[in-house]
Amino acid sequence: MTGDTAPAYDVAIIGGGPAGLSAAVELKRLGVASVVVIEREREAGGIPRHCGHYPFGMREFSRVLRGPDYAARLVERALRVGVEIRTRVSVTSLKPGPQIDVSSPDGLATIRARRVLVATGVREKTRATRLIGGTKPSGVLSTGALQGLVYLDGLKPFSRPVILGTELVSFSALLTCRHAGIKPVAMIEPNARITAWRASRLLPGALGVPLMLGASITRIEGRAQVEAVEVADRSGRTSRIEADGVIVTGQFLPEASLLRDSHLAVDSMSGGPCVDQFFRLSDPAYFAAGNLLRPVETAGWCWAEGRAAARMIAGSLAGTLPEPTPRAGLALMGDALKYVVPQRLVAASGAPRTLQVRVRRPARGTLSVVVSGQNLWSQRIDALPERRILIPLDRLPIDLNGPVHIVFAEDKA
């Protein structure tokens, strides 16, 4: 950390999860001299550090690892190649320059770097943002909070909770409960089918946990601790389930509070930063990678994305990236489409070769890319929320000068 005006580092990376750590290692491999990773927790490693179950690491280490072991390997690899990792350091603001203001046990300071990669990840929606009524007893936790209590602190916060949601992270919560000797009394999903891969529904059955589809938690009861939840089905009929906790899972949001308080543009649809296909933000000295771009991807995907972003940052430092002026914006057409990443396209080749699209609800139909009235690409999709849909960028002309329309024509019921 420095108070000088000269950059202290070539690249500063905010966030020590799979994306940030893999980017740091790749930057060092590409010959970038000084790379620092800034991590607010007491140890780097990101969300996998809290996940005491398999499978992690096949893409990265060619073996199946538990989350903490995977995180430790990522950290060890970064330290071995000379990456500086600063833990217990919280970023308080992002400024042009680029300049990063930080707070740590040593006080306030400023970090200056030639380039900054933001890889702050995601967070789960809280009970409050889901508008669940009732009282406010203890025992209502996100998956991340549950995993921290179980795996990091060795605590058992409840014995008979309900789990709300059926995303992949919801099944991670189920495995965390099993590890801690916690017996969930129900797994509740508002939609008519689970959000994760269909085979995942075998897990609650194998563990003796009832799976309730088409149901929502409308009320939480209890004084000091959760005592019961009220559940409503799609017809509005309600029932009461006795439980001593609620695990509120999924419905991730990018951890973008730093961006919203900065000069950097945020995409209203994804909730993450506006980026071009080179991972550049609206200030081209800033880049982003990992789940900050869109909620939510696997650790392996974020690891690979961090490496790709590192190559773009190295190109930026060397002056080989094209000018950041966008030549084309991306417009979504069809109310089932939720967002697209990246949101801006620069007329150039040599960047990551796909767009990623997500839907906001189960959707079946034809997805197309239309430029100047010409259909350049189409594909049938049968998609669920949280599933990635990839569109090849190499089907688009390099000399884009107008908007790119991503059009979804939904099948009629």
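Both backbone and side-chain heavy atoms feed into the values below; hydrogens, waters and symmetry mates do not.
When all heavy atoms of Leu30 and Ala310 are compared, the pair lying nearest together is CD1-O, 4.1 Å. Here the shortest heavy-atom pairing between Leu293 and Ala288 reads CD2-CB, 3.8 Å. Minimum heavy-atom separation, Leu330 to Pro342: CD1-O, 2.8 Å. A pairwise comparison of heavy atoms in Leu155 and Pro157 identifies O-CD, 3.6 Å as the closest pair. Taking all atoms of both residues into account, the shortest heavy-atom contact from Gly139 to Phe158 is O-CE2, 3.5 Å.
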Taking only distance into account, with no hydrogens and no angle test, what donor-acceptor pairs under 3.5 Å do side-chain atoms of residues 13-27 form with protein atoms, sequence neighbours excluded?
{"unit_1": "Ser22", "atom_1": "OG", "unit_2": "Pro18", "atom_2": "O", "d": "3.0"}
{"unit_1": "Ser22", "atom_1": "OG", "unit_2": "Ala19", "atom_2": "O", "d": "3.1"}
{"unit_1": "Ser22", "atom_1": "OG", "unit_2": "Trp303", "atom_2": "O", "d": "2.7"}
{"unit_1": "Glu26", "atom_1": "OE1", "unit_2": "Arg29", "atom_2": "NE", "d": "3.1"}
{"unit_1": "Glu26", "atom_1": "OE2", "unit_2": "Arg29", "atom_2": "NE", "d": "3.4"}
{"unit_1": "Glu26", "atom_1": "OE2", "unit_2": "Arg29", "atom_2": "NH2", "d": "2.7"}
{"unit_1": "Glu26", "atom_1": "OE2", "unit_2": "Arg311", "atom_2": "NH1", "d": "3.4"}

Which donor-acceptor pairs under 3.5 Å do the side chains of residues 220-227 make with protein atoms, sequence neighbours left out?
{"unit_1": "Glu221", "atom_1": "OE1", "unit_2": "Arg240", "atom_2": "NE", "d": "2.9"}
{"unit_1": "Glu221", "atom_1": "OE1", "unit_2": "Arg240", "atom_2": "NH2", "d": "3.1"}
{"unit_1": "Gln225", "atom_1": "OE1", "unit_2": "Ser138", "atom_2": "OG", "d": "3.0"}
{"unit_1": "Gln225", "atom_1": "NE2", "unit_2": "Asp244", "atom_2": "O", "d": "2.7"}

Can you list, pair by pair, the side-chain donor-acceptor contacts under 3.5 Å of residues 247-260, counting residues two or more places apart and other chains?
{"unit_1": "Thr249", "atom_1": "OG1", "unit_2": "Leu164", "atom_2": "O", "d": "2.6"}
{"unit_1": "Thr249", "atom_1": "OG1", "unit_2": "Ser170", "atom_2": "OG", "d": "2.6"}

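Residues Val346 and Glu323 form no side-chain contact, since every pair of their non-hydrogen atoms from C-beta on lies 4.5 Å or further apart. Using a 4.5 Å heavy-atom cutoff, the side chains of Leu213 and Ile188 are not in contact. You'll find the side chain of Val118 reaches within 4.5 Å of the side chain of Leu292, heavy atoms only. Residues Tyr339 and Val357 fail the side-chain proximity criterion, which asks for heavy atoms closer than 4.5 Å. At least one side-chain heavy atom of Val64 sits less than 4.5 Å from a side-chain heavy atom of Met58. Arg115 has its side chain within reach of Ser316: a pair of non-hydrogen atoms, C-beta onward, lies under 4.5 Å apart. The shortest side-chain heavy-atom distance between Pro161 and Val246 does not fall under the 4.5 Å cut-off.
Among residues at least two apart or in separate chains, salt bridge (Lys or Arg N to Asp or Glu O under 4.0 Å) pairs with a member in residues 361-378 are Asp335-Arg361, Arg361-Glu410, Arg364-Asp382. Applying the ring-ring contact (aromatic ring centres under 6.0 Å, His included) definition to pairs two or more places apart or across chains, those involving residues 117-151 are Tyr151-His179. For residues 191-201, the pairs satisfying side chain to side chain donor-acceptor pair (under 3.5 Å) are Glu189-Asn191, with sequence neighbours left out. Evaluation of the side chain to side chain donor-acceptor pair (under 3.5 Å) test over residues 211-220, restricted to residues two or more places apart or in two chains, returns Thr218-Glu230.
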Stepwise side chain to side chain contact (heavy atoms under 4.5 Å, CB included) test for Thr110 and Val102 | CA-CA 6 Å; Thr110 295; Val102 300; over 6 Å; no
Side chain to side chain contact (heavy atoms under 4.5 Å, CB included) evaluation trace for Tyr9 with Ile111 = CA-CA 8 Å; Tyr9 299 96; Ile111 295 176; 3.9 Å; yes
Quick one: do Tyr54 and Leu175 satisfy side chain to side chain contact (heavy atoms under 4.5 Å, CB included)? Show the steps, please.
-> CA-CA 9 Å; Tyr54 301 93; Leu175 292 173; over 6 Å; no
When you look at Thr143 and Gln147, which way does the side chain to side chain contact (heavy atoms under 4.5 Å, CB included) test go after all the steps?
-> CA-CA 6 Å; Thr143 310; Gln147 291 172 332; 3.8 Å; yes
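Every residue two or more places apart in sequence or in another chain that forms a side chain to side chain contact (heavy atoms under 4.5 Å, CB included) with Leu390 is listed here: Trp301, Thr354, Gln356, Arg388. Here Arg73 pairs with Phe61, Arg63, Leu65 under the side chain to side chain contact (heavy atoms under 4.5 Å, CB included) rule; sequence neighbours left out. With sequence neighbours left out, Lys125 forms a salt bridge (charged side-chain N to carboxylate O under 4.0 Å, His left out) with no residue at all. Taking Tyr286 as the reference, His263 meet the ring-ring contact (aromatic ring centres under 6.0 Å, His included) condition, with sequence neighbours excluded. In this structure Asp10 satisfies the salt bridge (charged side-chain N to carboxylate O under 4.0 Å, His left out) test together with Arg114, sequence neighbours excluded.
Formation of a donor-acceptor pair under 3.5 Å by the Thr366 side chain with backbone atoms of Ala409 is not found in this model. Side-chain atoms of Arg127 come within 3.5 Å of backbone N or O of Ile132 as a donor-acceptor pair. Within the 3.5 Å criterion, the main-chain N or O of Leu337 finds a donor-acceptor partner in the side chain of Arg360. Side-chain atoms of Ser262 come within 3.5 Å of backbone N or O of Leu264 as a donor-acceptor pair. Side-chain atoms of Asn291 never come within 3.5 Å of backbone atoms of Pro295 as a donor-acceptor pair (strictly under, hydrogens ignored). The backbone N or O of Gln374 lies less than 3.5 Å from no partner atom in the side chain of Ser372, so there is not a single donor-acceptor pair.
Taking the charged nitrogens against the carboxylate oxygens, Arg358 and Glu297 do have a contact shorter than 4.0 Å, which makes a salt bridge. Between Glu84 and Lys28, no side-chain nitrogen of the basic residue sits less than 4.0 Å from a carboxylate oxygen of the acidic one, so the salt-bridge criterion is not met. Residues Arg380 and Asp411 are paired through a salt bridge, judged by an N-O separation under 4.0 Å between the basic side chain and the carboxylate.
Other residues, nucleotides and ligands place more than 12 heavy atoms under 6.0 Å from the CZ atom of Arg66. Around CZ of Arg178, the count of heavy atoms belonging to other residues, nucleotides or ligands within 6.0 Å does not exceed 12. Within a 6.0 Å radius of CZ in Arg234, other residues, nucleotides and ligands contribute more than 12 heavy atoms. More than 12 heavy atoms of other residues, nucleotides or ligands shown are found within 6.0 angstrom of NZ on Lys156.
For the atom pair CD of Glu167 and CG of Leu384, the computed distance is 11.0 Å after rounding to the nearest 0.5 Å. Separation of atoms OH (Tyr70) and CD1 (Ile47) is listed at 11.5 Å; rounding is to 0.5 Å. With rounding to the nearest 0.5 Å, the separation of CD1 in Ile241 from OG1 in Thr238 is 11.0 Å. Arg307 CZ to Met312 CE: the interatomic distance, rounded to the nearest 0.5 Å, is 12.0 Å. With rounding to the nearest 0.5 angstrom, the SG atom of Cys51 is 12.0 Å from the CG atom of Asp69.
No hydrogens or angles considered: nothing links the side chains of His53 and Thr176 as a donor-acceptor pair under 3.5 Å. At a cut-off of 3.5 Å, with distance as the only test, no side-chain donor of Thr92 or Asp101 sits close to an acceptor on the other residue.
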